[in-house]
Amino acid sequence: MPADMPRPANPAPPAPDFPWPDGKQSAFFLGFDVDAESVWLGIDRRNAERLVTMSYGGYEARVGIPKLLELLAHHGAKATFFVTGWTVDAHPAACEAILKAGHEIAHHGYWHLRPEPGDDEVMREEVERGFEALKRVLGVVPVGYRAPSGESCVALLKMLRERGIRYSSSWRDDIRPYRHLLPDGPGPIEIPVNYSLDDWNFGITHRMSPRALFGREAVLSIWRDEFEQTHAWGGVTTMMLHPQVSGRPMRHRLLDEFLTHVACFDDVWWATGRDIADHYERCEAASGA
C-alpha cells in the first residue's frame, strides 16, 4: 500500500470482547525472547569478532536461562520462550532445559534479522531455517511466532500462516488478542505487546545508546502501572523479556517482585501464547465468527 494512501495500516477489525476463562478479569502472558548472540549478529555480522559484545548474548545460556527457569519454577509459572534457530544450534542444552521445564517453545527467526518488506527470500529463509532448527534439535513444531526486532508485514504473515503458525506476538496496536485480516483471508491471531513491558528498553540501553540504565524502582513502577491498568481494562499483559537482560542479578530481583505483585490479583489468568490462541479459537468458533 503506498504510504500516501489514507488507510489504516492494519485492516483487522477491533479485537473481539471474548471473556477470559473462569471469569478472570485479564490475562498475563510471560514471553521471553531467547536471542543469545544472534541478536548481536543480526545487528552486524562483524560483531562475531567483537567478543565483549557477543558476551552479552552468551550470558543467556551460561546464567540467564538457568536463573529464570528457577524463578519461574518458584512462582509455578509457565512461559513462552521465543527462540531463534541460531540459539538452538549454538546452545542446545540451554534450550532443552526450557522444554524439559514444561514451557512453550515458539519461533523467533534464525539469525534474528528484522523482517523487511520486499526481502521475501530473506524472510522465507529466516522462517524456514528457524522451523528446521527447532524441529531438528528440540523436536518442536512451533505454533507461535514473535518477529525479531518487532517488525512484520503482509508477506511475512502469509508465510507464517502457510507454515501453520497460529499466533503472532509482535504488533503494538491493541490490548486484547485479535485475528489478522490479510488480502486473501484470515491470518494468524495477534497477541499484542506493549513497548513499556520490554525489558530491553530499560536494561541494556547503555550498549545501544548513550541513555543510562533504568533503576529497579523506575522499571517496577512502570510495569506495575501498565499491568494494573491493563487488568482494569480486561486486556492481556504481554511481557517481552530477554534472558540477557532479566537474567541479570538486579533485573532478576525486579522480575521476581513484579511476578509477586501480579500474583496478588486472583482474577488474572496466567497463560502461555498457545493457551491464549487455543482460548481465542474456541471463543471464535462458539461465536460463529
Side-chain angles (χ1 to χ4, degrees), residues 9 27-44 47 52-60 63-65 67-68 71-72 79-84 87 106 108-109 112-116 144-152 168-175 190-231 233 235-262 273:
F28 183 64
F29 174 26
L30 269 171
F32 292 88
D33 291 6
V34 184
D35 307 329
E37 296 97 326
S38 69
V39 66
W40 303 101
L41 293 170
I43 291 170
D44 185 348
N47 281 335
V52 171
T53 295
M54 293 290 279
S55 73
Y56 278 73
Y59 182 86
E60 292 203 7
V63 182
I65 290 173
K67 287 296 184 184
L68 288 171
L71 179 62
L72 293 172
T80 298
F81 287 76
F82 296 90
V83 187
T84 67
T87 302
H108 196 42
H112 201 277
L113 297 178
R114 185 175 74 177
E116 292 290 351
Y145 174 88
R146 178 169 284 166
S149 300
E151 194 50 85
S152 189
S168 158
S169 185
S170 308
W171 293 46
R172 271 80 165 162
D173 53 3
D174 215 310
I175 62 163
E190 184 66 37
I191 307 175
V193 299
N194 185 328
Y195 201 63
S196 298
L197 300 171
D198 183 344
D199 60 355
W200 192 276
N201 302 322
F202 309 113
I204 208 161
T205 55
H206 62 293
R207 195 68 178 180
M208 305 295 292
S209 75
R211 188 173 71 181
L213 287 170
F214 281 66
R216 173 177 146 272
E217 287 300 329
V219 179
L220 189 57
S221 175
I222 291 170
W223 285 3
R224 283 174 173 167
D225 286 349
E226 287 286 0
F227 159 70
E228 289 177 7
Q229 194 60 44
T230 302
H231 177 65
W233 288 358
V236 54
T237 300
T238 303
M239 305 301 295
M240 186 180 290
L241 305 172
H242 302 77
Q244 60 190 283
V245 180
S246 286
R248 292 282 177 178
M250 183 267 283
R251 305 289 162 180
H252 183 277
R253 178 185 173 192
L254 159 63
L255 181 57
D256 185 18
E257 292 188 30
F258 179 61
L259 296 181
T260 299
H261 178 69
V262 175

Colleague: Nearest heavy-atom pair of L72 and A79: which atoms, and what distance?
Modeller: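 Shortest heavy-atom contact: CD1-CB, 4.0 Å.
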
Colleague: If you compare all heavy atoms of V193 against all heavy atoms of S170, which two are closest, and at what distance to 0.1 Å?
Modeller: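 Distance-wise, the nearest heavy atoms are CG2-O, 3.7 Å.
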
Colleague: Could you work out, with side chain to side chain contact (heavy atoms under 4.5 Å, CB included) as the rule, every residue matching S152, not counting sequence neighbours?
Modeller: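 Applying side chain to side chain contact (heavy atoms under 4.5 Å, CB included) to S152 gives L156, L157, W171.
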
Colleague: Name all residues meeting the side chain to side chain donor-acceptor pair (under 3.5 Å) criterion together with T238; count only those two or more places apart in sequence or in a different chain, and write none if there are none.
Modeller: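 With sequence neighbours excluded, T238 shows a side chain to side chain donor-acceptor pair (under 3.5 Å) to no residue whatsoever.
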
Colleague: Looking only at heavy atoms, which two atoms of Y59 and P249 are closest? And how far apart?
Modeller: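 Minimum heavy-atom separation between Y59 and P249: OH-CD, 3.8 Å.
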
Colleague: Not counting sequence neighbours, which residues clear salt bridge (Lys or Arg N to Asp or Glu O under 4.0 Å) with D33? List them please.
Modeller: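 Salt bridge (Lys or Arg N to Asp or Glu O under 4.0 Å) check on D33 returns R146.
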
Colleague: Can you measure from CG (D199) to CE (M239) and round to the nearest 0.5 angstrom?
Modeller: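 Going from CG on D199 over to CE on M239, the span is 7.5 Å.
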
Colleague: Taking ring pair (Phe, Tyr, Trp, His ring centres under 6.0 Å) as the definition, give me every residue that meets it alongside H252, ordered by chain and number, with sequence neighbours left out.
Modeller: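 Partners of H252 by the ring pair (Phe, Tyr, Trp, His ring centres under 6.0 Å) criterion come out as none, since no residue qualifies.
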
Colleague: With F32 as reference, evaluate F81, W200, F82 under the ring-ring contact (aromatic ring centres under 6.0 Å, His included) test and give the passing residue.
Modeller: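 Between F32 and the candidates, ring-ring contact (aromatic ring centres under 6.0 Å, His included) is satisfied uniquely by F81.
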
Colleague: Could you pull out all residues at least two apart from D198 that satisfy side chain to side chain donor-acceptor pair (under 3.5 Å)?
Modeller: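 Scan of D198 (side chain to side chain donor-acceptor pair (under 3.5 Å), adjacent residues dropped) gives none.
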
Colleague: Evaluate the side-chain proximity of H112 to I43: yes if any heavy-atom separation is below 4.5 Å, no if none is.
Modeller: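 I43 vs H112: side chains apart.
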
Colleague: So, do T237 and V262 sit near enough that their side-chain heavy atoms are less than 4.5 Å apart?
Modeller: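 Result no, sub-4.5 Å side-chain heavy-atom pair not found.
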
Colleague: Has the side chain of S246 got a donor or acceptor atom that lies under 3.5 Å from a matching backbone atom of L241?
Modeller: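 Not a single qualifying donor-acceptor pair exists.
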
Colleague: Going by the salt bridge (Lys or Arg N to Asp or Glu O under 4.0 Å) test, which pairs reach into residues 221-231, not counting sequence neighbours?
Modeller: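 Sorted result for residues 221-231: empty, none.
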
Colleague: Would you say the side chains of N47 and T53 form a donor-acceptor pair under 3.5 Å?
Modeller: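 There is no such pair between these side chains.
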
Colleague: Once ring pair (Phe, Tyr, Trp, His ring centres under 6.0 Å) is applied, do any residues pair with F227, and if so which ones, sequence neighbours excluded?
Modeller: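 Listed in chain order: H231, F265.
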
Colleague: Donor-acceptor pair, distance only, cut-off 3.5 Å: does the side chain of Q244 make one with the backbone of A36?
Modeller: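 Yes; at least one donor-acceptor contact below 3.5 Å.
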
Colleague: Using ring pair (Phe, Tyr, Trp, His ring centres under 6.0 Å) as the criterion, list what pairs up with F29, not counting sequence neighbours.
Modeller: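 If we apply the ring pair (Phe, Tyr, Trp, His ring centres under 6.0 Å) test to F29, skipping adjacent residues, there are no hits.
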
Colleague: When you compare the side chain of V83 with that of H108, does any pair of heavy atoms fall below 4.5 Å?
Modeller: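 H108 does not reach V83 side chain to side chain.
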
Colleague: Kindly write out the residues that satisfy side chain to side chain contact (heavy atoms under 4.5 Å, CB included) with I175, not counting sequence neighbours, or none if the list is empty.
Modeller: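 Expected list: W233.
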
Colleague: Is there a side-chain contact between Y56 and D35 in this structure, where contact means two heavy atoms from C-beta onward sitting under 4.5 Å apart?
Modeller: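 When only atoms from C-beta onward are counted, D35 and Y56 do not touch, as no gap falls below 4.5 Å.
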
Colleague: Please find the pair of heavy atoms, one from P148 and one from P115, that lie closest to each other, and give the distance.
Modeller: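 Looking at all heavy atoms of both residues, the shortest contact is O-CD, 3.4 Å.
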
Colleague: Among residues at least two apart in sequence or on other chains, which ones pass side chain to side chain donor-acceptor pair (under 3.5 Å) with T84?
Modeller: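 Side chain to side chain donor-acceptor pair (under 3.5 Å) check on T84 returns S38, T87.
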
Colleague: For residues P192 and D174, report the shortest heavy-atom separation together with the two atoms involved.
Modeller: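 Scanning both residues, the minimum pair turns out to be CB-O, 3.3 Å.
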
Colleague: What pairs of residues pass the salt bridge (Lys or Arg N to Asp or Glu O under 4.0 Å) test when at least one of them lies in residues 248-260, not counting sequence neighbours?
Modeller: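 Listed by first then second residue: R216-E257, R253-E257.
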
Colleague: Listed by chain and number, what are the side chain to side chain donor-acceptor pair (under 3.5 Å) partners of T230, not counting sequence neighbours?
Modeller: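 Testing T230 for side chain to side chain donor-acceptor pair (under 3.5 Å), a comparison that skips the adjacent residues, returns none.
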
Colleague: How close do N201 and Y195 get, counting heavy atoms only, and between which atoms?
Modeller: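 Nearest heavy atoms, N201 then Y195: ND2-O, 2.7 Å.
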
Colleague: Any donor-acceptor pair under 3.5 Å linking the side chain of T80 with the backbone of G31?
Modeller: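 No; judged by distance alone, with no hydrogens or angles, the pair does not exist.
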
Colleague: So, applying ring-ring contact (aromatic ring centres under 6.0 Å, His included) with W223, which one of F28, F214, F258 is it?
Modeller: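 Looking at F28, F214, F258, the match for W223 under the ring-ring contact (aromatic ring centres under 6.0 Å, His included) is F258.
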
